[in-house]
Number of protein chains: 2
Amino acid sequence: MTAATQDIKKKVDRPRIDIFGSQPPQQMAGESLGAFAYRALRDAIRAGRINPGAHIRELDVAQWLKISRTPVREAFHRIVADGLLTNGPWNGVMLAEFSQQQLIDLYAVRETLEGAAAALAARNATEAEVRLLFNIAATEEAEKDDPDRLVVINAKLHQMIYRAAHNQFLLQSLTVVVDALGLLRHSTFIIPGSIDVARRDHLKLITAIQNGDPKRAELVARRHIRRALSMRLELLKGGK
Amino acid sequence: MTAATQDIKKKVDRPRIDIFGSQPPQQMAGESLGAFAYRALRDAIRAGRINPGAHIRELDVAQWLKISRTPVREAFHRIVADGLLTNGPWNGVMLAEFSQQQLIDLYAVRETLEGAAAALAARNATEAEVRLLFNIAATEEAEKDDPDRLVVINAKLHQMIYRAAHNQFLLQSLTVVVDALGLLRHSTFIIPGSIDVARRDHLKLITAIQNGDPKRAELVARRHIRRALSMRLELLKGGK
DNA sequence: CCACTTTTTTTAGTATACAAATTATTGGCG
DNA sequence: CGCCAATAATTTGTATACTAAAAAAAGTGG
């Protein structure tokens, strides 16, 4: 081991998670504590209440949720498997954070899978599903001035396309990738004009699906994701 | 809930796993018991020592490995996340088994991802990696009469291509899919002629990668997987 | 004041005891 | 004999106590 490596290993600081003053969610009926802890942690992560790189301690989470460590550990393992948590340089888990290269790689996988989903949706979507897609697109149009809400609608739209592909494994793989990307704090919708571009992409994509045109659907979907990546990178360049 | 559904739920038989008379593996140095249990279970699954659909009990596994239930549960959760174990119709886990449609879906995802991996490998593979690929192909040629060994070599070759793509997330997604397919008992190499076809595919694929031709690499890879699926389905038709 | 060692504290790993839920068994009753 | 209820046995879910390992803090000698 080189001296430099040792230095790195010694100098890592592991800020304690500060974010657990917030109200914990409540356990739903028929939900095991393990599932509850899993949901609570994922929600906290999605909501951006945990800093990337922070050391997340079993006991802190257990006390936050007022349960024992056992179900918390279960939740930890599941989320590590999801790729949202990762084993830190020390022993214990931390919130994953991605380098720029990792971001590019992640988007490459997403482009591939979204393309496949779009093509499959063009083949397999039912009429009802197509109608639902247009409904969501209409909502998007209606809410075009509320970026926060658009993020949710956008996620729902994509999720619906994955469903329309009628392939559970594709859905699963895509969910993993998209969840990982959900770790990124700021939405790209704050970039001027990006909202309109995305909306036009969505309409073209849904139309291709309606027409049963897999080739075109795949093309549009892939271009849509490539655009999303370039916007993401632009955000990064401009000081996070 | 319909009457039929109830019937199904009541009539499921849940054979106990019988397979645990075998010698358990040994814990490696520096390996936690949780990791040990994970490895032991995965090995048992890969080796086909567990029947699909059998109810796998925490206590049985714990006693088999002579450890407590706690690390066994950890292993269970991880393998469930991998998709190799699944929650049975009752409460508890069982070895996953796929319907024909699920098989087709799984291969569809694999085709997409393998195609992407091949294309990326054509772009990103280093000279050393290409050399290694040709080495493995040579081994394949040398061992062409030993189907059992070929299964291993084949897996190694594909794994090497995934690596050569230099995209950790693609590698991850592919590993999940390929592992799930590894649950299928019999290799398609027992089909006469399949070995030669596969070998030719591999050579074409590696050559395309060497030439830095992503388009062709993707095409060859996708065709290779489609062929693998049709052989798999043929096996299924012929009475498992 | 700094490098190094020792002690203390913290944290994750594991075992076990117990609770809750589910499944199997038994014993009636028509 | 078959169906249902009541009870017993099994199995998973959760909490807690303990162990081992790692990190932080406090000493110690230069």
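Numbered from 1 within each chain, the chains take letters A, B, ... in sequence-line order.
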OP1 or OP2 of [N] under 4.0 Å from side-chain N/O of [X]:
{"X": "B:Ser68", "N": "C:dA15", "result": "yes"}
{"X": "A:Arg69", "N": "C:dA12", "result": "no"}
{"X": "A:His55", "N": "C:dT10", "result": "no"}

task: Would you confirm whether B:Gln27, through its side chain, and B:Glu31, through its main-chain N or O, come within 3.5 Å as a donor-acceptor pair?
output: yes
query: Do side-chain atoms of B:Asn167 reach the backbone of A:Asp105 as a donor and acceptor pair under 3.5 angstrom?
result: yes
Would you kindly give the [atom1]-to-[atom2] distance between [X] and [N], to the nearest whole Å?
{"X": "B:Asn91", "N": "C:dA24", "atom1": "CG", "atom2": "P", "result": "11 Å"}
{"X": "A:Glu31", "N": "D:dG13", "atom1": "CD", "atom2": "P", "result": "13 Å"}
{"X": "B:Trp90", "N": "D:dT10", "atom1": "CH2", "atom2": "C1'", "result": "15 Å"}
{"X": "A:Glu74", "N": "D:dG13", "atom1": "CD", "atom2": "C1'", "result": "9 Å"}
{"X": "B:Ile67", "N": "C:dA15", "atom1": "CD1", "atom2": "C1'", "result": "11 Å"}
{"X": "B:Leu33", "N": "C:dA15", "atom1": "CG", "atom2": "C1'", "result": "10 Å"}
{"X": "A:Phe76", "N": "C:dT14", "atom1": "CZ", "atom2": "C1'", "result": "17 Å"}
{"X": "A:Phe36", "N": "D:dT14", "atom1": "CZ", "atom2": "C1'", "result": "14 Å"}

- prompt: In Å and rounded to the nearest 0.5 Å, what is the CZ to CD distance from A:Phe169 to B:Gln102?
  reply: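 Reported value, rounded in 0.5 Å steps: 4.5 Å.
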query: Taking atom CE of A:Met94 and atom CZ of A:Arg57, what is their separation to the nearest 0.5 Å?
result: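 Taking CE in A:Met94 and CZ in A:Arg57, the distance rounds to 13.0 Å.
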Measuring from the side chain of [X] (C-beta onward, heavy atoms only), which nucleotide among [options] has the closest atom?
{"X": "A:Thr70", "options": "C:dT22, C:dT14, D:dA15", "result": "D:dA15"}
{"X": "A:Arg57", "options": "D:dG13, C:dA12, D:dA15", "result": "C:dA12"}
{"X": "A:Arg73", "options": "D:dT14, C:dG13, C:dA12", "result": "C:dG13"}

statement: Per side chain to side chain donor-acceptor pair (under 3.5 Å), A:Tyr162 is matched among A:Gln168, A:Glu114, A:Gln172 by A:Glu114
